[in-house]
Structure formats: C-alpha cells, structure tokens
Amino acid sequence: MVDSGREIATLGVVGAGAMGRGIAQVGMTGGMAVLLYDAAPGAAAKAKDAILAQLDQMATKGRLDPAAAEAAKQRLSVVDNLNAFAPADLVVEAIVENLAVKQEVFRQLEAVVRPDCLLTSNTSSLRIASIASACRQRDRIAGLHFFNPVPLMKLVEVIRAPATSDAAVAALIRAGERMGRVPVVVQDSPGFLVNLGGRAYTQEALRIVSEGVATPAQVDAVMRDNWGFRMGPFELMDLTGIDVNFPVSQIIHEGYFYDRRLATTPLHQSLRESGQLGRKTKQGFFAYGEDGKAQTPSADTTSAASPAIRVVLAQEDEALGELLRGLGLEVSGFDDGESAMLCAPLGEDCTTYAARLQLDHRRLFGLDIAGKLDKRITLMRPPGARRDLLDGLVARFHAAGRAVTAIHDSPGFIGQRIAAMVANLGCEMAQIGVAAPDDIDKAMTMGLNYPFGPLALADAMGVEAVHTVLTQLQAITGDDRYRPSLWLRRRALLGLSALTED
C-alpha cells in the first residue's frame with residue numbers, strides 16, 4: 001500500500017540515455033539517493049561521468065552552490081542489475097518506446113521492490129494502463145513524464161492510469177516538487193497533455209501550406225510577429241525532427257479514433273518518407289547550412305509600386321478604419337469604383353465575403369486585425385484580385401514601417417486559423433478531462449513555451465470570436481476538423497471565460 005505522505009529517499013532510474021540522465025540529476029539535486037541502471041554494458045557508468053561533469057559545470061557557472069553540487073554527486077550510484085533496486089521508494093523507467101520491453105522491465109521490478117514502492121514510466125506515447133497490465137499491483141503504477149532537457153524543463157506530467165490510486169498520485173506530486181519540477185496531473189490518454197495539445201499548432205500550419213495559402217516561411221513569420229510564438233510551426237517541426245513529430249501525430253490521431261481535428265497531412269508524411277527530417281538531415285521544411293542555421297526564404301511581399309493613397313472600407317469598421325489611417329491612408333466609405341476595398345473578416349475568406357455582400361472581388365482585400373500589428377501586416381486576396389492594387393497597398397504598408405505577408409484566400413487568414421485550432425484543442429482537452437483547465441494552460445506554456453495557454457488564448461481572442469472562426473471554417477470547407485469543442489461552444493453562447501469549470 002502506497003503512503004501518499006512518505007518522502008522519497010531513494011530513486012531508481014532504469015535507462016541512462018538523455019532522459020534517464022536528466023531524471024537522475026534532478027533526483028540528486030532534490031536530495032534523493034539515486035540508483036542508475038542501463039542494460040547496455042558501460043552505459044550507466046558513462047552517464048554517471050556526464051552527470052557529475054554537468055553538476056561541476058553548474059557550480060562553476062554559479063547556477064548551483066558548490067557544496068550542494070558536491071553533496072549531490074555523492075548521492076549517485078551505478079548498479080549492475082534490477083535486483084539492486086530493492087531499497088527504492090520510486091522507480092522511473094526511461095527506456096525504448098517498446099511496449100513489450102517496458103512490460104518485461106515492470107514485471108522484473110515488481111518482483112524486486114517493496115509493495116509500497118512507486119513504479120513509473122517516462123513514456124511519451126504508450127498508455128500507462130498497457131504497461132501496468134503486465135503487473136499484479138497496478139494501483140502504484142503511473143506515468144512520470146519529464147521533458148527534454150530535464151534539468152531545464154520544469155514541467156512533469158503525473159499520468160493517472162485507471163487503476164492508479166489517489167495516494168500514488170499525491171506521492172508523485174510531492175516527488176516531482178522535490179525534484180524542482182512543476183507537476184500537473186493528467187489522465188492516461190494518447191499523447192497525454194502536452195504532446196496532444198501541441199498537435200493543433202503544427203498540423204493547422206501544415207494544412208494552410210498544403211492548401212497553397214502561404215509558404216512555410218510566411219506562416220512562421222506571422223505566428224512569431226503577429227501572435228507572439230517564439231518559434232514558427234515549421235521551424236519547430238524541423239527542430240524536433242519529422243521522424244519524431246510525424247509518428248507521434250499518427251499515434252495520437254489513431255488513439256482518438258481518427259478525429260479529424262487531429263489529422264496531419266500528406267505533406268508531413270512525404271518529408272518523413274523522403275528522409276528530409278529537419279535540422280538533423282540539413283533539410284526539412286527549410287534547408288540548413290553547415291553552421292546549422294536555416295536558409296529561410298523571405299516571408300515578405302515586396303513592391304516597387306507607388307504607395308496607395310486612398311482605400312474604401314467594404315463595410316463600416318471603426319477598428320480597421322483607425323488602423324488604416326494610422327498607416328497613412330485616406331479612408332472612405334464611398335466607393336469610387338477604382339480604389340482598393342479593405343475588409344477585416346473573422347473566419348471568412350475574401351471570396352465568401354465578396355459573394356455575401358455582392359462586392360467587386362477584383363478590388364477586395366482582407367487585412368487580419370486579430371493579432372499584433374506593430375511588425376507585420378497580413379493581406380489576403382481572392383482569385384482574380386488586381387495585382388496593381390495589391391502592390392500599392394504593400395508599398396503603403398512598407399512606407400509605414402510594416403513588413404507585409406500577402407497570402408491567397410483563406411477563411412481565417414493564417415493566424416486566426418492556427419490560434420483558433422490551438423484554443424479549440426485546449427477546450428476539448430478540458431471537455432474530455434485530460435486535465436484541469438488551469439493545468440492545461442500551465443502545461444502548454446511550460447512544456448511548449450507558448451505565449452498563452454490554449455484556454456487563455458481563447459479568452460484573449462474572445463471566446464465568441466474563436467467559436468465564430470471555427471464555425472465559419474467548418475461551413476466554408478465542409479471539414480469536420482473545424483468542429484468546435486462543446487466546451488468552447490457552451491462558453492461562447494453563455495459569454496463565459498474558457499477557463500470556467502463545469
């Protein structure tokens with residue numbers, strides 16, 4: 001029987017790869033005696049040398065008190081077999097993502113450790129319930145999912161399988177905190193929390209490029225400049241590796257019984273099949289030089305035309321009119337039949353907007369005002385739009401100190417689409433109980449460095465606005481991938497924050 005209040009004195013780590021080394025290190029600095037094992041001869045000893053060197057470096061750079069570093073170094077022991085884990089209070093398995101191999105390790109551990117020892121897996125893709133099915137005492141088995149690099153990434157997901165006891169969860173929260181991590185409790189589901197929640201950002205970006213709306217460089221620039229993400233979705237995929245993010249996407253899609261909201265694209269698969277895996281192969285969505293730097297095509301639309309002087313508002317829109325005047329344009333509500341017409345649609349493309357209001361589509365351009373506009377303007381044009389009018393607008397915005405990304409017709413532009421999908425997936429995770437709303441936002445900001453958690457992003461955009469973007473996308477495309485979560489729909493209809501709990 002697990003005691004939820006018991007301190008973890010001895011931590012066992014199975015696997016001495018990058019994750020196992022990191023887990024051992026934070027256990028040591030958290031005051032735990034650590035037993036480190038790896039099946040490969042010499043691997044654990046080599047990992048020990050790397051950990052001790054890392055602690056010395058931290059002390060030299062002032063990130064760890066020298067006395068504390070020396071004390072931590074004394075807590076690490078390399079062991080030759082799993083029988084040495086008998087005194088452990090907690091074991092974390094961090095080996096290959098193979099269910100049969102993990103099950104065998106857990107069977108062996110169960111025969112060695114005390115009945116009150118917690119057994120956990122650092123798996124990122126396998127169900128904890130599947131691993132626990134090989135064991136007799138399943139109430140003490142859970143997931144303890146750290147993020148790479150472990151010493152720097154403060155988040156840890158505590159994965160509750162159906163048989164995991166409340167006492168085990170409470171004890172693991174305490175253990176995570178002692179290791180200096182921030183624990184969030186997550187249900188045992190495909191992708192857990194962070195890997196599931198991260199699908200929307202990259203997969204909607206893939207969809208946009210696959211539709212010919214914009215290039216990867218343009219999507220990345222918009223999400224950085226207008227929406228505050230530290231990395232664009234394509235540079236992020238290249239960094240993690242297409243050989244990593246494509247299979248994870250497939251596992252999660254299949255695990256949720258092919259929910260369209262989690263589907264990736266043939267473009268994603270084609271890069272993996274061709275071996276263009278990102279930075280590691282020096283070619284992914286972008287090419288990389290010998291120095292590792294991306295050779296990124298320009299995301300900016302340029303123009304040598306004379307700057308536009310006058311524009312017409314397609315509909316009365318105070319916010320759009322004020323923005324355009326601030327960018328040096330004369331704005332009129334009277335259509336002279338020659339000037340460019342500007343609109344700021346929410347979830348609509350220019351084609352739908354023009355058809356609905358019976359406007360001259362050749363002169364109609366959409367401008368996305370949903371994100372930040374101090375660096376970049378996103379302009380959208382329908383088929384048949386006049387290039388001379390587009391060039392004049394681009395020149396005017398350049399003269400006002402803004403970069404311009406001109407894209408083809410897209411309901412929701414780039415930013416509205418991706419942001420709405422990120423928010424919607426966060427709402428769906430809350431709806432199906434993956435984690436509590438606050439924990440969803442905490443995990444996504446800490447685990448993926450998002451500028452907002454998905455539910456806070458919904459609030460920042462406006463829950464009703466997010467719902468409108470998605471319903472428009474679903475109506476225009478006919479694609480169920482844009483189906484709003486019931487969590488989002490109910491809060492939009494009632495005027496509530498996305499963080500409002502049931």
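The first residue in the sequence is number 1, and the count goes up from there.
Environment of CZ in R483: crowded, with over 12 heavy atoms of neighbouring residues, nucleotides or ligands closer than 6.0 Å.
Judged purely by distance below 3.5 Å, without hydrogens or angles, the side chains of E70 and Q74 pair a donor atom with an acceptor atom. Between the side chains of S249 and R199, a donor-acceptor pair is found at a separation under 3.5 Å. Using modelled atom types and a 3.5 Å distance limit, the side chains of S121 and E93 yield a donor-acceptor pair. For the residue pair E211/S410, the side-chain donor-acceptor check at 3.5 Å is not satisfied. At a cut-off of 3.5 Å, with distance as the only test, a side-chain donor of S125 or E97 sits close to an acceptor on the other residue. Between the side chains of T264 and Q250, not a single donor N or O lies within less than 3.5 Å of an accepting N or O. Q276 and S274 share a side-chain donor-acceptor pair at under 3.5 Å.
Proximity of a side-chain donor or acceptor of R75 to a complementary backbone N or O of M28 within less than 3.5 Å is detected. Proximity of a side-chain donor or acceptor of E157 to a complementary backbone N or O of V194 within less than 3.5 Å is detected. No side-chain donor-acceptor contact under 3.5 Å links D459 to the backbone of S497. No donor-acceptor pair closer than 3.5 Å links the side chain of D238 to the backbone N or O of R279. One N or O on the side chain of N245 and one on the backbone of M237 form a donor-acceptor pair closer than 3.5 Å. A donor-acceptor pair under 3.5 Å is absent between the side-chain atoms of D439 and the main chain of V184, judged by distance alone. Remark: side-chain polar atoms of Q137 are not paired, donor with acceptor, to backbone N or O of E110 under 3.5 angstrom. Side-chain atoms of W487 come within 3.5 Å of backbone N or O of A498 as a donor-acceptor pair. Using a distance-only test at 3.5 Å, with no hydrogens or angles considered, no donor-acceptor pair links the side chain of R260 to the main chain of D479. Side chain of Q203 to main chain of L262: a donor-acceptor pair is present (N/O by atom type, distance under 3.5 Å, no hydrogens or angles).
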Salt bridge (charged side-chain N to carboxylate O under 4.0 Å, His left out) assessment of K372 paired with D374: CA-CA 6 Å; K372 298 186 296 183; D374 56 323; 5.4 Å; no
Derivation and outcome, side chain to side chain contact (heavy atoms under 4.5 Å, CB included), residues L373 and N226: CA-CA 6 Å; L373 301 171; N226 298 110; 4.2 Å; yes
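The side chain to side chain donor-acceptor pair (under 3.5 Å) pairs that include a residue from residues 49-58 are D56-K73, where partners are two or more places apart or lie in different chains. Pairs passing the salt bridge (Lys or Arg N to Asp or Glu O under 4.0 Å) check and including a residue from residues 492-502, sequence neighbours excluded, read R491-D502.
The salt bridge (Lys or Arg N to Asp or Glu O under 4.0 Å) check on R481 picks up E204, with sequence neighbours excluded. Not counting sequence neighbours, the partners of F246 by the ring pair (Phe, Tyr, Trp, His ring centres under 6.0 Å) test are H268. Residues passing the salt bridge (Lys or Arg N to Asp or Glu O under 4.0 Å) test with R230, sequence neighbours excluded: none. Scanning for ring pair (Phe, Tyr, Trp, His ring centres under 6.0 Å) contacts around F146 gives an empty result, with sequence neighbours left out.
Smallest separation of non-hydrogen atoms from A299 and R376: O-NH1, 3.8 Å.
Taking the six-membered ring where tryptophan is involved, the planes of F147 and H145 are tilted, since the angle between them lies from 30° to 60°.
Ion pair D38/K46 not flagged as a salt bridge, since none of the NZ, NE, NH1 or NH2 atoms sits closer than 4.0 Å to an Asp/Glu carboxylate oxygen.
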